[in-house]
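Data block below; observations after.
Please read these numbers as outputs of a predicted model, since none were measured by experiment. To find a chain, count down the sequence lines: A is the first, B the second, and so on, and within it residues start at 1.
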Number of protein chains: 2
Amino acid sequence: MPFDQLKLKNQLCHRLYMASNSIVRAYREPLNELDITYPQYVVMMALWEEDEVTIAELVRKTAIDGGAMTQILKKMTDKWLLEIIKDDQDKRQRFVKLTPKGQSLKLKAVDIPTKIGCKFTSLDSEQTQQLIQLLDLVVIDLSE
Amino acid sequence: MPFDQLKLKNQLCHRLYMASNSIVRAYREPLNELDITYPQYVVMMALWEEDEVTIAELVRKTAIDGGAMTQILKKMTDKWLLEIIKDDQDKRQRFVKLTPKGQSLKLKAVDIPTKIGCKFTSLDSEQTQQLIQLLDLVVIDLSE
DNA sequence: TGCAAATACTTTGCATGCAAATTAATATAG
DNA sequence: CTATATTAATTTGCATGCAAAGTATTTGCA
């Protein structure tokens, strides 16, 4: 009997779909306490790592769609987490800068990776690293 | 130096986010030729495996949100891919049944897994199986 | 038997993800 | 120098993903 490639159980894409939805769902509750969504959290992490970057750089680092990024940054600006600064040199681009509120939110966020990590009872840290490496291969192969 | 858990590069969640978006994006072009979206493709695969199932069963198998499922099935009904059949025994539930058009669409879809598979140049089939197993662990751990 | 709890779906509101079109500004080739 | 290509962002339209509320039905238990 041939290996049925159209079976849902054999599909990497469906596993990724389920796993990605599962993990974003898992972040929802802790992120609700910070009053941000998952993509907004990704933006915050990028800015906590390096502040005052251009929107294009933020799009590159987070892999969030540019069109969505505009909307996300607008909502985050409304929440006073960051501000958009115009560049006099190149009037096309803008810089994103954390407000004090945005910077201090990191203190509340540091516990989140641990909270999520506690849910992984059957996946150890070595397997997690292996998983990350394999996912990197997926992204690389599909980006060409 | 402590391992910075808030760094984007160290986050499994962000890898899953990128990989999942990448792969759904990769399916977009071949699925455009079938005039269906990725979640609609997932529904089709479930029905090609087993037809005439309840909506609840379809939600369980595909892991698509119930609320979204209603909308998705409505769009697919409009495209004459399937029909919704009422149950006289239990008037709460409904069955989903492929139309001849929906059944025959499988012939056009069989090439898709191969097309996608060709994009994976650095990830071999053994690693793919390993990846699937690790993703299963993620889903299991997070579903409790 | 009667009524509260559970089920199966649907509806609504909000936040993306993504393609495509648009606008503004800068870079580059001729 | 100037027309054209490219780059940075925004806008728009469509399709989810998800929580929460709502509607029928059916179960199950006192």
Using a strict cut-off of less than 4.0 Å between a Lys/Arg side-chain nitrogen and an Asp/Glu carboxylate oxygen, indicate whether B:Lys97 and B:Asp51 qualify as a salt bridge. no

N/O donor-acceptor pair under 3.5 Å between [X] side chain and [Y] backbone:
X       : Y       : answer
B:Ser20 : B:Tyr17 : no
A:His14 : B:Thr62 : yes
B:Asp87 : B:Phe95 : no

Think [X] has a side-chain N or O under 4.0 angstrom from the OP1 or OP2 of [N]?
X       : N      : answer
B:Tyr17 : C:dG17 : yes
A:Gln40 : C:dT16 : yes
B:Thr70 : C:dT11 : no

Nearest-Å distance, [atom1] ([X]) to [atom2] ([N])?
X       : N      : atom1 : atom2 : value
A:Leu73 : C:dA15 : CG    : P     : 15 Å
B:Met69 : C:dT11 : CE    : P     : 15 Å
B:Ile72 : D:dC18 : CD1   : P     : 11 Å
A:Met18 : D:dG17 : CE    : P     : 13 Å
A:Ile36 : C:dC14 : CD1   : C1'   : 16 Å
B:Leu81 : D:dA15 : CG    : P     : 14 Å
A:Lys86 : D:dT10 : NZ    : P     : 11 Å
B:Leu34 : D:dA15 : CG    : C1'   : 17 Å

Heavy-atom nearest nucleotide on DNA chain D for B:Ala68 versus A:Gln71: which residue maps closer to 5'? A:Gln71

Both B:Tyr38 and A:Asp65 contact DNA chain D. Taking the nearest nucleotide for each, which residue is further toward the 5' end?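 With B:Tyr38 and A:Asp65 compared, the 5'-side residue is A:Asp65.
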
List the atom of A:Leu8, the atom of A:Arg15, and the distance in Å for their closest heavy-atom pair. O-NH1, 3.9 Å

For A:Leu34 versus A:Ala109, what's the shortest heavy-atom pair and its separation?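 Closest pair (atom of A:Leu34, atom of A:Ala109, distance): CD1-CB, 3.9 Å.
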
Just call it for A:Glu57: base, sugar-phosphate, or nothing, with non-hydrogen atoms closer than 4.0 Å on any strand. nothing

What is the nucleic acid contact for B:Lys74, judged by heavy atoms within less than 4.0 Å: base, sugar-phosphate only, or nothing? sugar-phosphate

Kindly state which residues belonging to residues 21-32 of chain B come within less than 4.0 angstrom of DNA chain C, counting heavy atoms of the residue only, listed by number.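 Going residue by residue through residues 21-32 of chain B, the ones with a heavy atom under 4.0 Å of DNA chain C turn out to be B:Asn21, B:Arg25, B:Arg28.
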
Taking only N/O atoms, report every protein-nucleotides 5-8 of chain D pair under 3.5 Å with atom names and distance.
from	atom 1	to	atom 2	distance (Å)
D:dT7	O4'	A:Arg92	NH1	3.4
D:dT7	O2	A:Arg92	NH1	3.0

Which residue is it: B:Gln93, B:Arg94, B:Arg92? I am looking for the one with a side chain to side chain donor-acceptor pair (under 3.5 Å) to B:Asp90. B:Arg92

Could you please name the partner base of C:dT28, counting Watson-Crick and G-U wobble pairs only when both distances are under 3.5 Å?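 With both distances under 3.5 Å, C:dT28 matches D:dA3.
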
Select from A:Lys91 and A:Ile64 the residue whose nearest nucleotide in DNA chain C is closer to the 5' end of that strand. A:Ile64

Show your reasoning for whether salt bridge (charged side-chain N to carboxylate O under 4.0 Å, His left out) applies to B:Lys61 and B:Glu49. CA-CA 11 Å; B:Lys61 279 189 179 173; B:Glu49 257 184 77; 5.6 Å; no

Do B:Ile85 and B:Val43 belong to the same hydrophobic cluster, where Ile, Leu, Val, Met, Phe, Trp and Tyr are linked whenever their side-chain heavy atoms lie under 4.5 Å apart, directly or via other members?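 Different hydrophobic clusters.
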
Would you say the side chain of B:Leu81 lies within less than 4.5 Å of the side chain of B:Ile36, judging by non-hydrogen atoms? yes

